[in-house]
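Worth saying up front: this structure is predicted, and the values here are computed from it rather than measured. Reckoned from all heavy atoms, side chains included, excluding hydrogens, waters and symmetry mates. Lettering of chains follows the sequences in order, A, B, ..., and the numbering in each one begins at 1.
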Amino acid sequence: MTDDQLERLLENALKRQASAVDEAAVDRVLKRLSGPLPRQKTRLWRLPSVLLNWEFAPAWPRMAALACCAALGFVVGIAGLDRPFDRLDAPLTVANHDVSSIVSEPDSLMGARP
Amino acid sequence: MDDSDEALMARVAQGDERAFQLLSRRHLPAMLGLARRILRNSADAEDVAQEAFMRVWTHAPRWRPVAQFRTWLTRVVVNLCLDRKRRAQWVELEAAGEIVDPTPGASDQAETDERARMLANAIDQLPSRQRSAIILTYGEGMSNAQVAGVLDTSVSAVETLLIRGKQNLRRALGHIIDEDLVR
């Protein structure tokens with residue numbers, strides 16, 4: 001038996017089974033389905049669907065935004081936000097007053113903390 | 001009003017029972033036929049079809065149209081059928097044979113039926129995925145891509161399943177099948 005003959009045989013046999021599905025069976029199932037239906041499962045927690053929908057393909061606007069953020073982070077990290085660019089060479093002043101009396105060590109006798 | 005499967009599913013997701021009935025009427029005959037082909041038992045096929053449509057109803061709010069509704073529903077039915085076959089391996093009454101009808105021409109019909117039953121038994125003995133691929137391709141007339149969508153596999157894997165399925169059928173049927181079955 002050739003491949004074509006076997007395929008035709010399968011088609012004939014399986015289609016014959018399909019034609020045997022009667023309207024009565026369809027009506028029976030439809031009748032069972034028309035009864036009170038169970039409660040639907042709603043999405044209580046969206047994270048699984050969010051994760052499933054996550055697209056890992058590169059999106060160029062996002063890549064550009066990421067590159068901008070990286071560049072900005074580099075500049076801020078190098079220059080610092082606390083000193084303007086024109087005073088980068090000026091000596092660094094930590095405080096205007098003597099702060100040496102401010103200690104946070106516990107008292108040697110009492111153990112009390114300031 | 002848009003009455004495509006996807007639009008109806010969107011309405012079913014909001015609890016629209018009318019849309020669910022429309023969807024059921026549209027797809028139930030085909031799904032019942034598919035379940036019957038796989039299970040070869042009418043009562044089981046009706047149970048599976050009912051369960052599949054109940055799942056359509058209960059899972060509608062979670063359903064997302066990443067694939068065609070029909071493909072998804074076919075997958076649900078095939079999986080339910082395979083589960084059921086795995087659970088219960090009983091012998092069906094249909095496989096036990098029938099009394100020969102003495103009327104003229106009945107013997108030819110009985111012979112054809114007998115051979116068709118042998119073929120159905122041979123299909124039944126195939127591994128589940130080969131059986132599903134054979135039934136979906138030759139019974140439902142699906143393309144290899146559609147079968148791949150239902151079985152959640154690649155097109156080349158479907159081709160392999162079909163080749164192996166047909167080899168197994170040839171081996172199982174041996175000398176029994178001949179030209180007069182091809183009509």
Side-chain angles (χ1 to χ4, degrees), chain A residues 1-70, chain B residues 12-15 17 20-21 24-25 28-37 40 42-43 45-50 53-62 64 66 112-113 115-120 123 134-141 162-163 165-166 169-170 173 177-179 181-183:
Chain A
M1 174 177 272
T2 64
D3 217 37
D4 285 345
Q5 286 173 330
L6 179 60
E7 284 176 4
R8 270 193 293 157
L9 169 63
L10 285 168
E11 277 173 13
N12 287 342
L14 291 170
K15 295 249 164 80
R16 203 177 297 144
Q17 285 180 27
S19 62
V21 174
D22 53 337
E23 283 297 318
V26 174
D27 288 341
R28 268 196 303 277
V29 180
L30 280 175
K31 195 175 177 184
R32 282 196 258 169
L33 289 173
S34 61
L37 294 166
R39 226 165 95 178
Q40 290 181 312
K41 293 181 179 177
T42 51
R43 274 180 260 173
L44 294 177
W45 193 37
R46 279 185 52 82
L47 185 57
S49 58
V50 168
L51 289 175
L52 283 173
N53 291 334
W54 193 274
E55 289 180 7
F56 291 99
W60 295 115
R62 291 183 194 175
M63 296 295 283
L66 181 67
C68 287
C69 287
Chain B
V12 173
Q14 293 167 350
E17 293 190 18
F20 176 65
Q21 298 297 339
S24 305
R25 276 182 197 284
L28 183 59
M31 294 303 121
L32 203 51
L34 173 62
R36 197 166 168 173
R37 265 185 229 115
R40 298 180 58 214
S42 303
E46 287 178 27
D47 288 347
V48 162
Q50 183 191 355
F53 279 95
M54 278 298 166
R55 288 193 184 193
V56 168
W57 169 258
T58 53
H59 289 76
R62 294 177 177 182
R64 302 188 71 78
V66 287
T112 307
D113 288 349
R115 286 175 176 173
R117 192 176 298 120
M118 283 177 180
L119 177 63
I123 293 172
I134 291 273
I135 289 173
L136 291 171
T137 303
Y138 299 109
E140 296 292 307
L162 288 174
I163 289 168
K166 284 188 279 188
L169 283 177
R170 275 209 188 86
L173 295 170
I177 46 178
D178 52 19
E179 287 293 327
L181 267 174
V182 184
R183 285 191 288 193

Mind listing the closest non-hydrogen atom pair of A:Val26 and B:Leu28 along with its distance? O-CD2, 3.5 Å
Donor-acceptor pair, side chain of B:Gln50 and main chain of A:Leu33, under 3.5 angstrom: no
Under 4.5 Å from any heavy atom of chain A - which part of B:Ala30: neither
Rounded to the nearest 0.5 Å, how far apart are CG of A:Leu9 and CG of B:Leu119? 5.0 Å
Before giving the answer on side chain to side chain contact (heavy atoms under 4.5 Å, CB included), spell out for B:Thr137 and A:Glu7 the whole-Å C-alpha distance, their side-chain angles and the decisive distance to 0.1 Å. CA-CA 10 Å; B:Thr137 303; A:Glu7 284 176 4; over 6 Å; no
Around B:Arg25, counting heavy atoms of other residues, nucleotides and ligands shown, do more than 12 lie under 6.0 Å from its CZ? no
Checking B:Leu162 against chain A: side chain, backbone, both or neither under 4.5 Å from a heavy atom? neither
Minimum-distance pair of heavy atoms, taken over all atoms of B:Met54 and A:Pro38: SD-CD, 3.6 Å
Rounding to 0.5 Å, atoms CG (A:Leu30) and CZ (B:Phe53) come to a distance of 8.0 Å
Find the one option among B:Gln21, B:Lys166, B:His59 whose heavy-atom pairs under 4.5 Å with chain A are most numerous. B:Lys166
Max heavy-atom pair count under 4.5 Å with chain A, selected residue of B:Ala60, B:Gly141, B:Gly15, B:Ala49: B:Gly15
Search all heavy atoms of B:Ala13 against all heavy atoms of A:Gln40 and return the closest pair with its distance. O-OE1, 3.7 Å
